[in-house]
Amino acid sequence: GAEGGGAESGGAPRLWARNRTHIVQTPQRFVNVPTGDPLDQGQVINYDFQLACMDSAGVAPFVGTGALLCARALHAVGGIAYGSLVEDVHTTVLMHMRGGVGRYLHEDLQHGFAPPTLADTFDQRMRWTTGGAQILRLPERVLGTPIGQSFRPFLDQMFRGGDPLQGRWMSSLGTSR
C-alpha cells in the first residue's frame, strides 16, 4: 500500500508507515565466524535479542550494514553524522532526538565478513568503545533525554560487550552500574 511504501505484506515496507520511521535495521550476518563463535563476532545476543527489544520501544539503532534510512529524515539531520567513530549510532541519536522511530527487521538480508584476526577484532571493539564514549560527550546531552535513556542498554553493551577491557571505559566515565 501507499502508506507502507510498496509491498502488501511482510518485510521493510510495512515498517515505514506513518512517516515516523527513520531507520530500519536488519541483522548483520557473517560468513567467516568460527564454530562456537569464541569472540562473539556474530553478536547473536545483540542482533537476535537486544535489537528486537529496542524495536518494541521504537528506538532500534542504525548499526551500519543492512540498514535502510529515510532520506527525508537523513537530510533533516544534515546527513550521516561525523565527529565520532560510530557515525551510525551518532546519526541514530540525532534522528531519534527529532522524534524519529527506529525499527528492527529480523530478516537475514545480507552477509559479510567479520574481522579475520584477534587483533582486528580487538581494534574494532576499541573503535566501538571509543565511539561510545564520544556519543556520551555529544553537545546534545543525549543521556539526559528520554531517547538517550533508552540507549543506555545499547551503550552499556557497546562499552562492555563481555570484555573486561571495555568495562574499564564505562567505569572511567562514571556511568557504570
Side-chain angles (χ1 to χ4, degrees), residues 5-7 9-16 21-75 77-96 100-135 150-151 153-167 169:
S9 65
R14 68 180 163 74
L15 297 173
W16 294 106
T21 300
H22 293 177
I23 299 161
V24 176
Q25 179 66 55
T26 64
Q28 295 181 30
R29 301 297 185 198
F30 306 100
V31 297
N32 63 329
V33 173
T35 302
D37 195 6
L39 300 177
D40 188 36
Q41 290 173 298
Q43 301 174 53
V44 172
I45 291 173
N46 184 42
Y47 288 114
D48 292 349
F49 301 103
Q50 288 179 328
L51 288 177
C53 290
M54 294 177 88
D55 174 72
S56 69
V59 295
F62 161 36
V63 291
T65 308
L68 300 170
L69 304 176
C70 173
R72 175 186 38 77
L74 192 58
H75 179 71
V77 298
I80 299 293
Y82 292 99
S84 75
L85 293 176
V86 288
E87 294 93 352
D88 47 5
V89 176
H90 189 168
T91 301
T92 297
V93 168
L94 297 176
M95 289 177 150
H96 286 337
V101 171
R103 294 293 179 202
Y104 180 61
L105 178 63
H106 195 238
E107 292 185 23
D108 295 349
L109 301 178
Q110 47 81 39
H111 292 80
F113 292 94
T117 68
L118 180 61
D120 291 336
T121 299
F122 283 140
D123 285 348
Q124 179 185 55
R125 302 285 168 92
M126 287 305 295
R127 281 192 307 275
W128 291 346
T129 301
T130 302
Q134 292 168 334
I135 294 292
S150 69
F151 272 95
F154 182 73
L155 291 172
D156 280 352
Q157 189 226 356
M158 184 182 293
F159 281 110
R160 297 171 200 241
D163 183 339
L165 176 61
Q166 291 180 351
W169 278 87

**Q** Looking at SG of Cys53 and CG of Asn46, how far apart are the two atoms once the value is rounded to the nearest 0.5 Å?
**A** 10.5 Å
**Q** So how far is it from Thr129 OG1 to Gln124 CD, rounded to the nearest 0.5 Å?
**A**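 The distance works out to 10.0 Å.
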**Q** Before accepting this row, confirm whether a basic side-chain N of the pair Asp37/Arg29 lies closer than 4.0 Å to the acidic partner's carboxylate O.
**A**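 The answer is no: the pair does not qualify as a salt bridge.
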**Q** Quick one: do Ser84 and Ile135 satisfy side-chain contact (heavy atoms from CB on, under 4.5 Å)? Show the steps, please.
**A** CA-CA 7 Å; Ser84 75; Ile135 294 292; 4.2 Å; yes
**Q** For the residue pair Ala114 and Val33, what are the closest heavy atoms and their distance?
**A** CB-CG2, 4.2 Å
**Q** I'd like to know if the side chain of Gln25 and the backbone of Val63 have a donor-acceptor N/O pair within less than 3.5 Å.
**A**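 Checking the backbone N and O of Val63 against the side chain of Gln25, a donor-acceptor pair under 3.5 Å is found.
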**Q** Taking only residues two or more places apart in sequence or in another chain, which ones pass salt bridge (charged side-chain N to carboxylate O under 4.0 Å, His left out) with Asp123?
**A** none
**Q** Looking at His96 and Gly102, what are the two nearest heavy atoms and their distance?
**A** CE1-N, 3.2 Å
**Q** Nearest heavy-atom pair of Leu105 and Pro27: which atoms, and what distance?
**A**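 Shortest heavy-atom contact: O-CD, 3.3 Å.
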**Q** Kindly write out the residues that satisfy salt bridge (charged side-chain N to carboxylate O under 4.0 Å, His left out) with Asp120, not counting sequence neighbours, or none if the list is empty.
**A**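 Here no residue qualifies.
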**Q** How far apart are the closest heavy atoms of Asp55 and Tyr104, and which atoms are they?
**A**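 Smallest interatomic distance, heavy atoms only, reads OD1-N, 2.9 Å.
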**Q** Search all heavy atoms of Leu85 against all heavy atoms of Gln134 and return the closest pair with its distance.
**A**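 Of all heavy-atom pairs spanning Leu85 and Gln134, the closest is N-OE1, 2.6 Å.
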**Q** Ignoring hydrogens, what is the shortest heavy-atom contact between Arg103 and Gly58? Give both atom names and the distance.
**A** NH1-CA, 3.7 Å
**Q** Do Gln41 and Phe30 come within less than 4.5 Å of each other through their side chains, counting heavy atoms only?
**A** no
**Q** Nearest 0.5 angstrom please: Leu51 CG to Gln43 CD, how far?
**A** 9.0 Å
**Q** Check each of Thr92, Ile23, Val86, Thr91 against Pro61 using the side chain to side chain contact (heavy atoms under 4.5 Å, CB included) test, and report the only one that passes.
**A**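 Running side chain to side chain contact (heavy atoms under 4.5 Å, CB included) over Thr92, Ile23, Val86, Thr91 with Pro61 returns exactly one hit, Thr92.
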**Q** Hey, could you give me the CG/OG1 distance between Leu68 and Thr26, rounded to the nearest 0.5 Å?
**A**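 It is 7.0 Å, given to the nearest 0.5 Å.
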**Q** Do Gln110 and Thr65 get their side chains close enough for a donor-acceptor pair, meaning under 3.5 Å?
**A** no
**Q** Would you find a donor on one side and an acceptor on the other, under 3.5 Å apart, between the side chain of Gln28 and the backbone of His111?
**A**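 Answer holds: no.
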**Q** Check each of Ile80, Val89, Val24 against Phe62 using the side chain to side chain contact (heavy atoms under 4.5 Å, CB included) test, and report the only one that passes.
**A**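 Of the listed residues Ile80, Val89, Val24, the side chain to side chain contact (heavy atoms under 4.5 Å, CB included) partner of Phe62 is Ile80.
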